[in-house]
Amino acid sequence: MKREDIALNDTWDLSLLYVNSQQFEQDLTQAQTLLNTIIQQQGHLCDTLDHFKSYLRQDEQLDRLLSKLYCFAHLLCDVEPNNAQGQTMLAQVMSLYQQAQEKLTFVELELMDHETMILDYLKDPHLENYQYKMHTLFRQKEHILSKEMEDILAKVNQIANTGEDVFDALRLEFEPVEVHGKMEFLNQATLNQFLKNEDPRVRKEAYEHFFKEYQRYENVFASTLSSTMKKDAFFASMRHFDHALQASLFQDDVPESLFFKILDMANRQYRPLFHRYNAFKKKYLQLENMYNYDLSVPLVKEKEHHYTIDECFDIILKTVEVFGSEYVNIIQKAKNERWIDYYPCVGKRDGAYSSGCYDSVPYILTNFIGDYHSLSTLIHELGHSVHTYLSNAYQAPHNASYRIFVAEVPSTLNELLLMQYMLDHASSKQEKAYLLYTLLEECVGLIFRQPMFADFEYRLHTMAEKNQPMSSKIITDLYLKLNQDYYGPDVKMSPYVGCSCYYVPHFYYNYYVYKYTLGMTIALALAERILKKDQQQIDRYLSFLKSGGSMSNLDLLKKAGVDPLDDQLYQDAYHYFETTLSQLEDMMKEV
Ligand SMILES: [Zn+2]
């Protein structure tokens with residue numbers, strides 16, 4: 001479809017940001033002026049309380065202007081990549097961003113140097129709500145090195161990422177797969193399709209052809225992976241951390257005990273539930289030998305149904321009724337005020353996101369095609385948008401933006417509540433079974449598979465920190481062993497499982513995957529409680545949505561009524577999984 005053929009009501013309204021290009025230009029000029037003003041104050045930011053206040057004001061204005069300019073330009077370019085004016089605007093704002101980044105490096109150092117003075121300034125009642133922002137800055141202090149050392153580290157950094165760069169640059173080619181007598185193209189996307197094929201031979205061939213290539217380059221991947229682990233260990237120790245895990249968790253402001261708790265719960269305590277699911281699959285699929293590449297065969301097929309946008313909103317509004325009128329009204333506003341760009345069109349960006357800034361509505365981009373996935377994506381993105389909307393409404397600009405660590409909770413929770421609504425209103429057993437199956441599959445990836453990845457990553461980092469040898473044999477043997485324990489007694493391992501670790505990009509991100517597990521665990525536990533209409537829990541959750549980024553991640557979550565260091569959270573989350581599995585087991589007996 002071409003963009004001009006889409007009804008105006010089904011596109012987002014960017015005139016809420018700027019009505020014409022003159023307004024954009026004006027803000028751009030004002031941002032440039034502000035940047036220059038701040039630069040001129042180098043060395044004097046903290047001279048007096050008034051100096052400091054005026055710096056904070058200018059910094060906030062600059063930040064808001066830049067975000068607003070960027071928001072407009074990137075949204076415009078994402079739906080109209082051939083709009084030359086949009087591209088110019090985007091280039092202008094990116095160049096200003098870069099300028100600000102380069103020229104304002106002195107700010108953080110200058111503020112850190114005046115910690116005692118600033119702590120005194122913060123006693124001023126007008127500055128009270130800057131406590132958390134400043135605390136976040138000051139806690140970095142002991143990990144910042146001398147100017148000379150920082151310069152060296154910056155130079156080392158330019159050559160330290162070769163491992164990841166090589167991993168990204170390698171493009172493997174795979175032997176085709178025979179399907180119904182025809183040779184079919186194999187790549188990452190088609191692999192996932194082949195693994196769902198009903199013919200076991202196709203699944204086996206696709207899996208083997210794919211990972212055979214990784215095996216062929218195993219020594220290259222062992223080097224890229226081990227050099228990345230060594231790089232993480234090096235930077236951690238240079239910045240006075242005990243190890244890479246500590247350095248990574250420091251950025252999220254969470255204790256190491258949280259990481260180990262997640263691993264313990266998922267990989268030990270609740271893993272038998274995953275094994276039970278695998279045993280059920282084996283029985284239901286009637287496979288004498290079930291291999292790891294057989295687990296994606298759909299147990300239940302989707303019932304075709306087409307949803308219109310209005311139908312989606314009817315369902316979504318009923319799903320979120322439990323959160324009360326304030327929440328419901330925001331969703332209605334999203335539809336009525338045209339926050340959403342729904343349909344795919346030529347050149348439009350793929351996928352979906354929620355994006356906005358303090359001075360905009362939280363816009364949503366989707367590629368709506370009317371299936372269940374479209375509906376689920378819409379409620380997911382609306383979860384992000386309501387979170388942003390409430391954060392902006394209730395917090396000052398410097399406390400509004402929340403971090404990735406907590407961001408996926410409201411969106412995933414909405415998906416889970418939608419699933420429950422659909423289950424309650426499903427008209428056939430097949431439809432119900434499909435929803436339960438979809439939920440279980442989504443959970444497995446996040447609450448069982450990712451923690452196994454995290455364990456593997458931890459062991460690799462430990463090897464690097466202890467200067468132990470990291471040959472491909474050592475790495476793949478370790479990965480095979482972890483996978484055997486992970487899948488359990490009912491799943492046989494392909495000989496290529498060991499090498500499949502070389503395909504996962506997340507091992508290059510220094511402890512990222514545990515965040516996926518935590519996000520899903522919290523969403524499951526909240527869903528479990530909210531579905532029981534626990535009003536106190538609902539109120540706490542809403543106050544979390546209104547808190548933006550005004551406190552640490554752990555404090556935010558505690559505000560929501562969930563403590564990730566408490567076993568109860570995991571008990572609630574995995575219980576949700578267990579109940580869903582029992583329901584599916586019962587239902588499939590009858591289908
Ligand atoms: Zn999301």
Side-chain angles (χ1 to χ4, degrees), residues 12 67 70-71 74-75 78-79 252 262 312-313 315-316 319-320 323 327 330-331 334-335 339-342 344 348-357 360-369 371-392 400-422 438-439 441-447 449-450 453 505-506 509 512-527 530 541-542 544-549 553 556-557 560 562 564 573 576:
W12 54 28
S67 306
Y70 173 71
C71 183
H74 103 85
L75 294 177
D78 280 355
V79 291
D252 291 325
I262 293 171
C312 285
F313 270 91
I315 295 170
I316 289 171
T319 303
V320 301
F323 295 134
Y327 197 109
I330 298 170
I331 300 234
K335 184 166 186 270
W339 297 2
I340 307 168
D341 204 86
Y342 295 96
K348 178 172 166 177
R349 206 190 124 129
D350 285 341
Y353 63 67
S354 157
S355 177
C357 61
S360 79
V361 300
Y363 287 100
I364 289 175
L365 176 143
T366 67
N367 280 278
F368 188 88
I369 54 166
D371 57 357
Y372 181 75
H373 181 71
S374 298
L375 167 60
S376 176
T377 304
L378 190 56
I379 200 168
H380 177 106
E381 300 307 335
L382 282 165
H384 288 307
S385 284
V386 175
H387 189 191
T388 309
Y389 185 88
L390 288 171
S391 295
N392 290 348
S401 57
Y402 48 82
R403 291 198 251 165
I404 297 173
F405 199 82
V406 294
E408 287 306 316
V409 172
S411 49
T412 317
L413 175 62
N414 277 6
E415 277 187 60
L416 294 173
L417 296 181
L418 169 70
M419 188 87 72
Q420 198 55 52
Y421 178 87
M422 299 304 282
T438 310
L439 176 57
E441 285 297 302
E442 202 166 315
C443 285
V444 163
L446 296 166
I447 63 172
R449 189 160 181 76
Q450 302 295 339
F453 282 172
H506 297 84
Y509 304 166
Y512 194 85
V513 295
Y514 85 98
K515 297 177 205 182
Y516 292 130
T517 308
L518 190 64
M520 187 54 150
T521 307
I522 293 169
L524 284 168
L526 284 173
I530 286 170
Y541 172 67
L542 292 173
F544 154 77
L545 293 183
K546 293 170 185 169
S547 300
N553 288 321
L556 281 171
L557 293 173
V562 285
Y576 195 102

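Both ligands and their constituent atoms are indexed starting at 1 by order of listing. Values below: all heavy atoms of this structure, side chains included; hydrogens, waters and symmetry mates excluded.
Annotation: side chain to side chain contact (heavy atoms under 4.5 Å, CB included) contacts of K546 (sequence neighbours excluded): E326, L390, Y394.
Results of the side-chain contact (heavy atoms from CB on, under 4.5 Å) test with F323 over L417, I331, V386 single out L417 as the only residue that passes. Paired with I315 under the rule side-chain contact (heavy atoms from CB on, under 4.5 Å), one option of L375, L378, V320 passes, and it is L375.
Counting only N and O atoms by type, the side chains of S385 and Y363 include no donor and acceptor under 3.5 Å apart.
Counting only distance, with no hydrogens or angles, the side chain of T366 and the backbone of Y342 share a donor-acceptor pair below 3.5 Å.
Within a 6.0 Å radius of NE2 in H373, other residues, nucleotides and ligands contribute 12 heavy atoms or fewer.
Annotation: protein N, O or S atoms under 2.8 Å of the Zn ion (ligand 1) (waters excluded) comprise H380 NE2, H384 NE2, E408 OE1, E408 OE2.
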